[in-house]
Amino acid sequence: MSSPSPKDVRVRIAPSPTGTIHLGLARTTLFNWAYARHHGGKLILRIEDTDTDRSIPESEEQILEGLTWLGTQWDEGPGVGGPHEPYHQAQRVANHTLAADKLLEAGHAYRCFCSRERLNDLRTAMEAKKETPRYDRTCRDLERAESDARAAAGELFALRFRVQPGETVVNDLVRGKVTFQNADVDDWVMVRQGGNPTYNFVVVCDDADMQISHVFRGEEHLVNTPKQILLYQAMGLEAPEFGHLPLMLGKDGKKLSKRHGSVSLALFREAGYAKAATLNFLARQGWSLDGETEIFSMERFVEAFDICDVNKAGSIFDYEKFAWMSGEYVRLESLAELRENCTPFLIASGLLSAEQIAADPARLEGALALGQDRIRIYSEMPEQIAFLYSADDAVEYEEKAEANCRKHANRIQILKDYLAFLRPALEGGASAQDLRTAAKAWVGEQGLKFPQLFQPLRCALTGKAGGPDMFDIIAWLGTGSTIRRIELGIERLA
RNA sequence: GGCCCCGUCGUCUAGUCUGGCCUAGGACACCAGGUUUUCAUCCUGGCGACUGGGGUUCAAAUCCCCACGGGGUCACCA
């Protein structure tokens, strides 16, 4: 179990509104959320919109909607408010400016009058010499009076952090002690020319203001951490605890990104992965319950989750296993749940209209029951049950199904004979089980093998080579459709 | 290239902190059987890993060192 923190647990997620929810953000959110819930703490959502050029207006809306769908409800942030408003970074610039002034005053920051052009040249030159590009600290030792005068004269400047010699240790809850030499830390820009603060600066200001106790984020941020710790120290504040989550990787072992295909949470929703499976699978990225149990609820996850148990190594995202897990959850659903989850896909596919579904939900559930074991994601349901809803005279015969029938020379006679045998039973209201038993007995009496009857029968009724139990299908289709389809089969398979 | 992180089956992982119970367990995928009228589900079995090398120790996947491999990051992006 985690050592209980002396202060209240307050974790946060800080997405920038530059797109939709990436799988990485979803996992980071889930872990933060679980940690907060486990410790009775709070999850704060803060929108990192300092880069006005890259921010996309609809993006925030999509992020909020996506997180709401996931069910990782935040306790403070956009939509719910909280004691540390505003929760948009861009609206907190007054605080940032104040903090920047203090840092400048105290000598922890200095004005840099270097032009973008000079900086670019510098970087190119250093790269050419195969050195790590970094600021050469030209303005670091400018006299304060000169600096003030040039600023007063209207000269443009950025504000840089003055990194002092020494070393900085990150006590990472996932990775243990990580030590950085301050000599390797650049005098990074805190405030851009023009007054816009940068990420590394505002993230510290805001985390401090919002009394964030633990920062759990992707490993790509590990190298930023010394900068941030140094800043906390300069501001005379205690830094939060850090925990850097292992990266989620693509097939090639590199950080999951757009070029790997589906990395947007929305895409998986649209494809119809079960939500509970999505949560469950995300929880298994870099964490496991006990090494045995794959399927577990969020309640169990929250109960068992501890940041110390998170893996250090990155994990390749296994789409195949994700689909398997979705199937596991699909099979666990009640028919009412399945109907609700499949409805959008049935409508989108054009198989059924909302009106048709509303008119007879029980009938639909009967159809869904036939498909439940055969799909992994909801979007597969329409094609799975389409044959049930097709017009009797428009059942599409798959090539393989028809070929199976044509192997049996006497298929037509068998179908005719069986129809004659079936008709009275059907009209007498026999159950699926009765029909099944009777059919098997009939096949024996006729001296036939099962495929001789069942392959032509399946083709006539469904047009497919495989599928649900024949007699469940007959029961669902009803007497009229069943007879009609067999009659048509007798013609079409001749 | 500098700095930092990581390294158990093809993949996700248990085991590593607290060395022995590990001839390394589970899951996905794959293969083979079983069940079924068929497909799927389900059940059984199989395949399959401690990156390498040195130490320390009675004993190392577990501790130490080195090598190798992979990744992250080096912006007035976040």
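Order of the sequence lines sets the chain letters (A, B, ...), proteins ahead of strands, with each chain counted from 1.
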- Query: In the strands shown, is B:G7 matched to any nucleotide by a Watson-Crick or G-U wobble pair with both distances under 3.5 Å, and which?
  - Reply: B:C68
- Message: Using a 4.0 Å heavy-atom cut-off, does A:Glu48 contact any base of the nucleic acid, only the sugar-phosphate backbone, or nothing at all?
- Response: sugar-phosphate
Using the 3.5 Å cut-off, write out each protein N or O paired with an N or O of nucleotides 41-43 of chain B and the distance between them.
residue	atom	partner	partner atom	Å
B:C42	OP1	A:Glu328	OE2	3.4

- Pair listing, salt bridge (charged side-chain N to carboxylate O under 4.0 Å, His left out) test, anchored in residues 467-477 of chain A, at least two apart: A:Arg436-A:Asp469, A:Arg436-A:Asp472
- Task: State which residues pass salt bridge (Lys or Arg N to Asp or Glu O under 4.0 Å) with A:Glu328; sequence neighbours excluded, sorted by chain then number.
- Result: A:Arg331
- Item | Residues forming a side-chain hydrogen bond (donor to acceptor under 3.5 Å, both in side chains) with A:Asp434, sequence neighbours excluded | A:Ser431
- Query: Looking only at atom P, what distance separates B:G1 and B:A67, rounded to whole Å?
  - Reply: 14 Å
- Quick one: label A:Phe322 by what it contacts on the DNA or RNA (base, sugar-phosphate, nothing), any heavy atom closer than 4.0 Å. nothing
- Item | Separation of the P atoms in B:C50 and B:U37, to the nearest angstrom | 44 Å
- Query: Taking atom C1' of B:C3 as reference, at what distance in whole Å does atom NZ of A:Lys130 sit?
  - Reply: 18 Å
- Pair A:Tyr199 and A:Trp188, ring centroids less than 6.0 Å apart: no
- Item | Listed nucleotide nearest any side-chain atom of A:Lys321, set B:C6, B:U38, B:C12 | B:C12
- Residue A:Leu119, side-chain atoms from C-beta onward, closest of B:C76, B:C5, B:A29: B:C76
- Note on the structure: Each nucleotide of nucleotides 61-75 of chain B classed B (base within 4.0 Å of a protein heavy atom), S (only sugar-phosphate) or -, in 5' to 3' order, makes ----------SBSBS
- Note on the structure: In Watson-Crick or G-U wobble terms, with both distances under 3.5 Å, the base opposite B:U73 is B:G2
- For B:A27 versus B:U73, give the span between their C1' atoms, rounded off to a whole number of Å. 33 Å
- Query: How is A:Pro246 classified with respect to the nucleic acid when contacts are heavy atoms under 4.0 Å: base, sugar-phosphate, or nothing?
  - Reply: nothing
- For B:C66 and B:U44, measure between their C1' atoms and round to the nearest Å. 47 Å
- If you check the A:Leu222 side chain, which of B:C4, B:C6, B:C28 turns out closest? B:C4
- Query: Where does the angle between the aromatic ring planes of A:Phe242 and A:Tyr232 fall among parallel (under 30°), tilted (30 to 60°) and perpendicular (over 60°)?
  - Reply: perpendicular
- Item | B:A61: pairing nucleotide in any strand, Watson-Crick or G-U under 3.5 angstrom | none
- Query: Contact class for A:Lys251 vs. all strands (heavy atom < 4.0 Å): base, sugar-phosphate, or nothing?
  - Reply: nothing
- Quantified in whole Å, what is the P atom distance between nucleotide B:A14 and nucleotide B:G25? 15 Å
- Item | Rounded distance in Å - CD (A:Glu292) to C1' (B:G15) | 11 Å
- Message: Classify the ring geometry of A:Phe301 against A:Phe31: parallel below 30°, tilted from 30° to 60°, perpendicular beyond 60°.
- Response: tilted
- Item | Residue A:Tyr199, side-chain heavy atoms: nucleotide from B:U11, B:A78, B:C76 that is nearest | B:A78
- If you look at every strand shown and take non-hydrogen atoms under 4.0 Å, does A:Cys114 touch a base, only sugar-phosphate, or nothing? base
- Got a sec: does the CD of A:Glu61 have more than 12 other heavy atoms crowding it under 6.0 Å? no
- Message: Tell me which pairs pass salt bridge (charged side-chain N to carboxylate O under 4.0 Å, His left out) where either residue lies in residues 445-468 of chain A, with sequence neighbours left out.
- Response: A:Glu398-A:Lys464
- Exceeds 12 heavy-atom contacts within 6.0 angstrom, atom CD of A:Gln233: yes
- Query: Among the nucleotides B:A29, B:C76, B:U37, which one has an atom lying closest to any side-chain atom of A:Glu320?
  - Reply: B:A29
- Note on the structure: When both distances are under 3.5 Å in a Watson-Crick or G-U wobble arrangement, the nucleotide paired with B:G45 is B:C31
- Message: Without decimals, in angstroms, what is the distance between A:Lys227 NZ and B:C76 C1'?
- Response: 12 Å
- C1'-based separation of B:U51 from B:A29 [nearest Å]: 23 Å
- Task: Using atom CZ of A:Arg175 as one end and atom C1' of B:G7 as the other, report the distance to the nearest whole Å.
- Result: 12 Å
- Note on the structure: Between A:Cys114 and A:Gln193 the two heavy atoms that sit nearest each other are O-NE2, 3.8 Å
- Report yes if a side-chain nitrogen or oxygen of A:Asn311 is closer than 4.0 Å to either non-bridging phosphate oxygen (OP1 or OP2) of B:A14; otherwise report no. yes
- Message: Between A:Asp136 and A:Arg118, does any side-chain N to carboxylate O distance fall below 4.0 Å?
- Response: yes
- Separation of atom NE2 in A:His244 from atom C1' in B:C5, rounded to whole Å: 11 Å
- Message: With nearest nucleotide decided by heavy atoms, which residue, A:Phe317 or A:Phe157, maps closer to the 5′ end of RNA chain B?
- Response: A:Phe317
- Message: If you assign each of A:Val174 and A:Pro451 to its closest nucleotide in RNA chain B, which residue comes earlier from the 5' end?
- Response: A:Val174
- Using a strict cut-off of less than 4.0 Å between a Lys/Arg side-chain nitrogen and an Asp/Glu carboxylate oxygen, indicate whether A:Asp187 and A:Arg137 qualify as a salt bridge. yes
- Task: Take atom P in B:G10 and the same atom in B:U56, then report the distance between them in whole Å.
- Result: 32 Å
- Message: From C-beta outward on A:Val178, which listed nucleotide comes closest to its side chain: B:C4, B:A78, B:G26?
- Response: B:C4
- Item | A:Gln228 CD to B:A78 C1', straight-line distance once rounded to whole Å | 11 Å
- Query: Counting any heavy atom closer than 4.0 Å, what does A:Thr18 reach on the DNA or RNA strands: base, sugar-phosphate only, or nothing?
  - Reply: nothing
- Message: If the threshold is 4.0 Å, N to carboxylate O, is there a salt bridge linking A:Lys129 and A:Glu127?
- Response: no
- Query: Considering only heavy atoms and no angle criterion, is a donor-acceptor pair shorter than 3.5 Å present between the side chain of A:Asn224 and the base of B:A78?
  - Reply: yes
- Task: Please report, rounded to the nearest Å, how far the P atom of B:A14 is from the CG atom of A:Asp290.
- Result: 10 Å
- Task: Using a heavy-atom cut-off of under 4.0 Å over every strand shown, decide if A:Gly286 touches base, sugar-phosphate, or nothing.
- Result: sugar-phosphate
- Query: OP1 or OP2 of B:U11 less than 4.0 angstrom from a side-chain nitrogen or oxygen of A:Ser315, does that happen here?
  - Reply: no
- Scan A:Leu457 against the nucleic acid and name what it touches under 4.0 Å (heavy atoms): base, sugar-phosphate only, or nothing. nothing
- Grab the CD-C1' distance between A:Glu294 and B:U13 for me, whole Å please. 8 Å
- Item | Spacing of the C1' atoms in B:G48 and B:G26 (rounded, Å) | 14 Å
